[in-house]
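A, B, ... follow the sequence lines: proteins, then strands. Residue 1 opens every chain.
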Amino acid sequence: MTTVKTKLDRRSFIRSSALAGGGLLLTFSWLAPACTTDSPKQLTMPDEWYELNGFLKIGNNGAVTIMSPNPEIGQNVKTSMPMIVADELDVDWKFVMVEQAPLNTDIFTRQLAGGSQSIRQGWNGLRMAGATGRRMLREAAAHEWKVPVDEITTEAGVLYHKNSGKEAGYGEMASAAAELTVPEEVELKDIKDFTIIGTSRKNVDGQKIVTGKPLFGLDYKAEGMLIAMIEHPPAFGMKLKSFDATEAKAMPGIIDVFSIKTYNDDYQMQWSDVTAFTELVAVVGKSTWEVMNAKLMLNVEWEPIAEDNAQGVPAGFESTADHYKKMEEAAAKAGREQRRDGNPEEAFKNAAKVIERTYTAPFQAHSPMEPMNFFADVKDDFALLAGPTQTPEFMEKTVAARLGLPLEKVDVQMTRMGGGFGRRLYGHFMVEAAVISQQVKAPVKLIYSREDDMSYGIYRPAYHALYRAALDADNNLIGFHVRMGGIPESPLHANRFPAGSVDNYLAESFTVESNISTGAFRAPGSNFNAVAEQSFLDEVAEAAGKDPIQFRLDLLKRAQENPVGSNNDYDAARYAGVLEQVREKSGWDTNSEGKNRGVAAYFCHNSYVANVVDIANKDGKQVIEKVYASVDCGIVVNPDAAVNMTEGSIVDGIGHAMYSELTFSEGQPEQNNFDMYRLIRHAEAPKEIEVHFVENNIDPTGLGEPPYPPVMGALANALYKANGERYYHQPFVKNSIG
Amino acid sequence: MAVFNLNINGKQHEVDVDPSTPMLWVLRDHLDLVGTKFGCGIAQCGACTILVNGVATRSCITFVDSVGDKEITTIEGLSENGDHALQKAWIEEDVPQCGYCQSGQIMNAAGLLNANPSPSDEEIEMAMHGNICRCGTYTRIKKAIKTAANS
Ligand code: FES
Ligand code: FES
């Protein structure tokens with residue numbers, strides 16, 4: 001048992017005496033029983049709820065409500081975060097209900113979905129919240145039974161005093177516990193004593209999802225709510241000049257048509273305020289279809305942005321062919337040096353063999369299945385916003401600044417999100433909804449059509465990488481050089497593997513300016529690095545006549561035993577661990593005969609993943625028969641959900657490497673819906689996926705992103721085995737539907 | 001505007017809308033049946049799938065004036081208590097990630113099972129090809145359809 005200080009800020013434990021039960025609270029808190037499928041009948045309604053801290057409430061009958069602090073985007077935090085609290089509280093999961101917490105930075109920290117950090121950064125706080133609740137219940141029982149608190153044990157929501165034979169359910173002690181002072185320090189469970197963490201629990205919203213209950217932002221409804229849509233410039237490098245709304249306004253059901261500015265002129269943007277289009281035309285009406293039709297009747301004139309605009313955005317209309325040319329030109333020159341070990345120039349000069357390859361990847365649109373949308377109800381002195389956002393905390397500030405309201409007068413509620421993948425880190429649509437509501441003086445739900453969504457920007461940047469490897473006469477890797485850039489940012493992580501494993505190493509970066517807006521996309525940078533680097537290492541291993549897994553393991557051994565440089569930001573032993581596990585589980589050494597297999601491994605967002613992909617040739621077509629994954633993300637909180645997340649990332653990674661590409665002509669995106677922009681579909685997914693986790697007691701790290709990048713490299717390497725072709729440019733299958 | 005009497009989930013509903021309104025928006029905006037989702041609006045993603053006389057149909061391109069007295073089933077009406085074999089299988093296999101595509105996937109699968117109660121893997125892949133899951137839950141969806149078919 002570890003004892004820890006309850007170093008959560010005092011404010012984070014809102015003390016509250018008995019919260020009146022019944023009525024209001026129950027009507028919404030009872031909606032999400034975690035045990036929908038197991039035993040709904042065992043749950044009965046408590047008469048009163050007692051709040052022990054901001055994370056949990058206990059009913060007088062032993063029912064427990066646990067708040068899930070972070071936005072739920074499909075990464076399963078709404079189930080797995082409360083599981084952590086419940087385990088330390090030591091309750092039966094059957095009696096737990098989960099509620100989405102409101103945005104409240106006094107109680108919760110980092111209410112953000114991004115960087116695969118929810119579980120990793122929430123871990124200690126969630127454990128402490130549960131453990132604090134348990135401690136207070138034990139103290140209440142000790143007081144009541146007049147025995148030392150150390151003699152009180154708990155199990156599955158029941159308090160015991162062994163010597164006297166006394167026992168009581170949590171519900172019986174909840175009222176007294178809520179009156180106690182929050183303890184200064186609490187005991188955390190030993191990992192071996194976990195009863196919920198490490199066991200598979202079903203998605204707490206599962207039943208609602210499969211019965212079509214309103215859960216998502218797009219489903220939000222309020223009394224008197226109007227529907228709004230926006231029209232944005234058709235091309236990057238353009239802005240609004242003028243518009244004629246006469247015809248649109250005359251359409252049935254239309255309330256108003258006007259232009260809006262997303263930000264005030266003197267506003268200092270924060271990182272989540274990305275948008276290329278700061279002035280838009282808004283159409284507001286009574287129903288979605290009416291607004292969609294009126295939008296078609298808009299007469300808008302657009303004009304090129306000024307050369308010397310205040311935002312410092314480059315003017316002009318860009319095209320895909322120019323993008324690749326510019327990156328190629330930039331890569332032909334020395335870049336900004338980010339890391340140097342030994343003497344790479346000398347190594348390449350003395351090499352017996354030099355391998356040089358170039359890799360590219362296109363812009364991609366996030367395209368979560370739920371298009372961007374948000375609800376806003378802005379009054380003179382208060383604004384309520386509700387909908388899908390990965391960054392409620394940041395966007396609350398932006399919205400408050402734009403409306404000129406103090407922060408505490410802006411309330412942001414989080415709905416379940418129909419995916420995000422980074423797209424909903426950038427909440428311009430929240431500001432737009434708020435400004436539109438302010439203008440029409442009514443509650444408004446802003447909805448993007450798929451076309452609006454896909455052509456709005458905030459794309460995954462386009463990337464380019466030049467890799468060079470130097471082998472000596474004995475096929476040892478003596479030099480490694482990477483020059484990596486993109487539009488508008490370089491994806492380079494200079495201190496990641498193979499840095500640290502090669503004596504002579506050089507990493508450079510470059511960037512190319514653009515007026516196309518970009519943003520974080522599932523595993524930013526890594527989503528390109530993994531495929532480029534892992535394909536390249538495959539070729540280098542082949543040139544060196546070595547087995548691709550052993551080749552990587554040898555390098556990792558060097559990095560572990562005698563690392564080059566001191567700045568290597570990965571753990572070589574854990575890296576090797578996933579490769580070794582996937583080698584064993586896939587039968588790499590024993591069962592590869594007749595198989596077209598490729599391997600890759602990558603480390604990002606604090607977790608390690610290795611894949612083996614098997615491809616079969618069937619009737620002249622390549623079919624992905626099986627994908628193996630080995631994952632090291634520390635303690636696995638909810639195993640089956642973690643498998644699901646890994647499977648999904650694998651499918652998603654294969655899809656984006658194979659099919660997805662957004663191109664431009666004269667600043668205009670050439671794909672704006674799924675008839676032209678290709679996402680992976682059922683028949684293209686692997687026939688089988690087998691996921692393994694490395695077992696250890698390391699605090700958990702994230703899983704939303706790490707399993708996404710490496711599979712692309714393993715896929716490229718397996719395709720090479722299947723058809724003899726190396727894949728240097730994404731998408732591997734050129735973008736045409738059919 | 002025109003008045004339509006629609007047979008949805010076994011009940012009669014009257015709506016007064018423009019005849020060109022897709023069923024998707026009739027359901028979502030006018031009848032508060034929001035389980036049917038908007039994903040693309042052009043029959044490319046399957047999020048809006050409903051059953052029309054038992055056949056899986058994209059509601060985003062099914063105009064209200066084409067429906068007549070045909071039986072419409074939405075995810076809300078697939079079963080009374082959320083216990084259709086497919087819904088149970090979806091829970092059993094814990095299919096959803098974000099969950100947004102899943103009502104469309106389930107309704108499309110319901111259409112498939114109506115036509116073919118024990119589909120092969122290939123038949124499932126073909127039938128489900130029009131339903132995108134951006135979260136990549138395809139392997140679980142296939143498993144859940146097989147679980148439901150076998151139950
Ligand atoms: S919304 Fe109908 S198929 Fe996409
Ligand atoms: S579960 Fe997210 S789109 Fe399918």
In sequence, state the C-alpha distance, the side-chain angles, and the governing distance for D675(A) and I42(B), and then conclude on side-chain contact (heavy atoms from CB on, under 4.5 Å).
-> CA-CA 8 Å; D675(A) 53 342; I42(B) 58 163; 3.6 Å; yes

Heavy-atom pairs under 4.5 Å with chain A are the metric here; pick the option from [options] that has the most.
{"options": "A127(B), C45(B), G136(B), S103(B)", "value": "G136(B)"}
{"options": "H30(B), Q105(B), K142(B), H129(B)", "value": "H129(B)"}
{"options": "E76(B), R28(B), E93(B)", "value": "R28(B)"}
{"options": "S20(B), S79(B), G77(B)", "value": "S20(B)"}
{"options": "M126(B), Q102(B), K37(B)", "value": "K37(B)"}
{"options": "T139(B), I132(B), I106(B)", "value": "I132(B)"}

Residue pair [X] / [Y]: nearest heavy atoms and the distance that separates them:
{"X": "R450(A)", "Y": "F38(B)", "result": "N-CZ, 4.0 Å"}
{"X": "G419(A)", "Y": "C98(B)", "result": "N-CB, 3.3 Å"}
{"X": "N203(A)", "Y": "D94(B)", "result": "N-OD1, 3.2 Å"}
{"X": "G39(B)", "Y": "P371(A)", "result": "O-CG, 4.2 Å"}

Please classify the contact of [X] with chain A as side chain, backbone, both or neither, using a heavy-atom distance under 4.5 Å.
{"X": "T36(B)", "result": "neither"}
{"X": "V95(B)", "result": "backbone"}
{"X": "N81(B)", "result": "backbone"}
{"X": "K143(B)", "result": "neither"}
{"X": "I124(B)", "result": "neither"}
{"X": "M1(B)", "result": "side chain"}

With only heavy atoms counted, which part of [X] is less than 4.5 Å from chain B, the side chain, the backbone, both or neither?
{"X": "P252(A)", "result": "neither"}
{"X": "M369(A)", "result": "both"}
{"X": "V643(A)", "result": "both"}
{"X": "D219(A)", "result": "both"}
{"X": "P368(A)", "result": "backbone"}
{"X": "M454(A)", "result": "neither"}
{"X": "Y708(A)", "result": "neither"}

Is the closest side-chain heavy-atom distance between N644(A) and T137(B) below 4.5 Å?
-> yes

Minimum side-chain heavy-atom gap W25(B)-S287(A) below 4.5 Å = no

May I ask you to say whether [X] pairs ionically with [Y], meaning some side-chain N is under 4.0 Å from a carboxylate O?
{"X": "K687(A)", "Y": "E122(B)", "result": "no"}
{"X": "D640(A)", "Y": "R140(B)", "result": "yes"}
{"X": "D29(B)", "Y": "K286(A)", "result": "no"}

Donor-acceptor pair, distance only, cut-off 3.5 Å: does the side chain of [X] make one with the backbone of [Y]?
{"X": "K202(A)", "Y": "E92(B)", "answer": "yes"}
{"X": "Y138(B)", "Y": "I680(A)", "answer": "yes"}
{"X": "Q87(B)", "Y": "V210(A)", "answer": "yes"}
{"X": "Q97(B)", "Y": "Q75(A)", "answer": "no"}

State whether a side-chain donor-acceptor pair under 3.5 Å links N673(A) with Q44(B).
-> no

Is the NZ or CZ atom of R134(B) both under 6.0 Å from the centre of the six-membered ring of F421(A) and within 45° of that ring's axis?
-> yes

Decide if atom CD of E690(A) counts as having more than 12 heavy atoms of other residues, nucleotides or ligands within a radius under 6.0 Å.
-> yes

Verify the neighbour count for atom CG of D69(B): are there more than 12 heavy atoms of other residues, nucleotides or ligands below 6.0 Å?
-> no

Interatomic distance, SG@C40(B) vs CG@L679(A), rounded to 0.5 Å, equals 11.0 Å

Separation of D83(B) CG from T211(A) OG1 (nearest 0.5 Å) = 10.5 Å

Among [options], which has the most heavy-atom pairs under 4.5 Å with chain B?
{"options": "T288(A), I209(A), V651(A)", "answer": "T288(A)"}
{"options": "H656(A), E290(A), K213(A)", "answer": "H656(A)"}
{"options": "G655(A), G420(A), G648(A)", "answer": "G648(A)"}

Please lay out, stage by stage, how L218(A) and Y100(B) fare under the test side-chain contact (heavy atoms from CB on, under 4.5 Å).
-> CA-CA 10 Å; L218(A) 210 70; Y100(B) 192 80; 3.2 Å; yes

